[in-house]
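For reference, the structure is listed below as structure tokens.
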Amino acid sequence: MFRLSDDTIDAATLTRGLAHTRAGACVAFEGWVRDHNDGRRVLRLDYQAYTALAQTQGERILAEAREKFAILDACCVHRVGALAIGDLAVWVGVSAAHRGAAFDACRYIIDAVKSRVPIWKNEHYADGESGWLHP
Amino acid sequence: MFRLSDDTIDAATLTRGLAHTRAGACVAFEGWVRDHNDGRRVLRLDYQAYTALAQTQGERILAEAREKFAILDACCVHRVGALAIGDLAVWVGVSAAHRGAAFDACRYIIDAVKSRVPIWKNEHYADGESGWLHP
Amino acid sequence: MKYRLLYFASLRDRAGVDSETVESFAADARNLYAELRARHGFAMDADCLRVAINGEFAAWDRALADGDEIVFIPPVSGG
Amino acid sequence: MKYRLLYFASLRDRAGVDSETVESFAADARNLYAELRARHGFAMDADCLRVAINGEFAAWDRALADGDEIVFIPPVSGG
């Protein structure tokens with residue numbers, strides 16, 4: 001399940017959603033809003049998404065992970081809108097019988113999300129400037 | 001922080017404990033009790049630990065992870081006593097500025113815990129047998 | 001032909017709108033971007049962007065059809 | 001000398017106790033294990049085990065001192 005959310009992400013509930021009696025391992029990645037980037041102090045940020053394409057890309061990435069790795073379930077939720085320092089910006093969770101596949105799939109998903117899902121970060125800096133990150 | 005616990009592990013609280021304004025990534029591993037092992041159906045299990053040595057080994061593993069990887073914090077809690085299918089048996093969480101170090105350190109810690117921390121699993125099977133696992 | 005454009009991130013800031021409908025003789029996204037870049041003063045080269053047509057990534061030289069929804073995708077920065 | 005033994009997992013089941021104090025002439029853990037293996041009928045070779053002395057992993061041939069706490073550590077299966 002891939003989802004964009006304009007509300008707080010509830011990691012505990014999402015983790016329970018990956019439960020499976022055959023699951024021995026669950027690996028979760030949380031992306032948190034840092035107070036700095038590239039040496040500049042960040043106060044807060046906004047995420048903007050191209051919703052339709054983000055949804056199809058997100059679902060495709062999860063399907064790829066299920067094909068490539070011996071996992072039981074995978075889920076990714078990404079925030080949009082205004083976030084503060086420390087907020088949970090993106091959550092990826094994977095359950096599997098064994099931990100190797102869970103680690104590899106979780107890493108694969110977050111790497112692919114960061115490179116392919118059309119979501120953009122606008123950072124607001126302590127000096128009053130702001131800027132869209134287009135790495 | 002390494003800890004043995006004879007009570008339910010509260011992953012959400014432990015995750016909050018890793019928070020840090022410089023943290024952009026958190027990777028958590030959860031080991032869940034599976035309903036099967038080596039083709040046999042498992043009903044429940046007990047963990048037994050050599051507490052003193054488990055504590056020093058666990059702390060040493062976390063210290064090694066902090067030395068080897070650019071992480072901000074790391075924590076591991078392992079259950080002892082009787083567990084049911086689906087229960088959270090071990091939790092490892094790592095926070096870092098960037099995700100690569102968080103993934104690598106989390107993997108390092110759970111691998112080391114599984115190989116060096118004196119905890120033993122007694123599986124109770126559907127056929128009435130039980131057995132200590134000494135892999 | 002008529003095309004529907006959606007803008008995101010720095011392209012949206014520069015265009016000053018989040019979407020617009022344009023009339024154009026451009027037959028593919030590459031030519032359409034060149035035209036809109038000139039009109040809005042977009043800083044980024046097409047080489048830095050990807051293009052999506054009707055909600056899917058597409059090739060820059062794919063022939064456009066009347067009514068297509070076209071989105072120029074700046075390098076993403078989610079996560 | 002007097003040694004304090006703690007047993008875990010299958011060794012505990014086999015010994016029937018979780019700890020005991022023994023009098024022994026064994027000067028190192030290797031000889032002590034051989035002695036206790038014969039007494040309790042432990043299945044595992046010393047090669048499969050590690051040994052901890054006073055709460056730290058130690059070499060099998062380290063000289064034991066009176067009052068030492070010795071634990072034979074079967075392959076672990078936590079996690």
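Naming: A, B, ... by sequence-line order, numbering from 1 per chain. Basis for what follows: all heavy atoms, side chains included, without hydrogens, waters or symmetry-related copies. Everything numeric here is computed off the predicted structure, so don't read it as measured data.
Residue A:Arg116 comes nearest to C:Val76 through the heavy atom pair N-CG2, 4.1 Å, listed as atom of the first residue, atom of the second, then distance.
Within 6.0 Å of atom CZ in C:Arg4, more than 12 heavy atoms from other residues, nucleotides or ligands are found, so the atom counts as buried in its surroundings. Shown here is A:Arg40, whose CZ atom has more than 12 heavy atoms of other residues, nucleotides or ligands within 6.0 Å. Counting heavy atoms of neighbouring residues, nucleotides and ligands inside a 6.0 Å radius, atom CZ of C:Arg14 does not exceed 12 of them. For CD of A:Glu67, the number of neighbouring non-hydrogen atoms (other residues, nucleotides, ligands) closer than 6.0 Å is 12 at most.
Looking at C:Ala9, both its backbone and its side chain come within 4.5 Å of chain A, counting heavy atoms on both sides. For a residue to count as touching a neighbouring chain, one of its non-hydrogen atoms must lie under 4.5 Å from one of that chain's; by this rule A:Trp132 touches chain C with the side chain only. Heavy atoms of A:Ala54 lying under 4.5 Å from chain C are absent altogether. Heavy atoms of A:Arg79 lying under 4.5 Å from chain C are absent altogether. Of the two parts of A:Tyr50, the backbone and the side chain both hold a non-hydrogen atom closer than 4.5 Å to a non-hydrogen atom of chain C. Only the side chain of A:Gln57 comes within contact range of chain C, with at least one heavy atom under 4.5 Å from a heavy atom of that chain.
Atom CZ of C:Phe8 is separated from atom OG1 of A:Thr51 by 6.5 Å, given to the nearest 0.5 angstrom. From C:Phe57, atom CZ reaches atom CZ of A:Arg60 across 9.0 Å, with rounding to the nearest 0.5 Å.
Without hydrogens or angle criteria, A:His78 side chain to C:Gly78 main chain gives no donor-acceptor distance under 3.5 Å.
Of the candidates C:Ser77, C:Pro74, C:Ser10, C:Pro75, A:Leu133 forms a side chain to side chain contact (heavy atoms under 4.5 Å, CB included) with just one, namely C:Ser77. When the options C:Ile73, C:Asn54, C:Val71 are evaluated for a side chain to side chain contact (heavy atoms under 4.5 Å, CB included) with A:Leu53, the one that passes is C:Ile73.
Each of A:Gly31, A:Ser115, A:Gly131 has some count of heavy-atom pairs under 4.5 Å with chain C, and the biggest count is that of A:Ser115.
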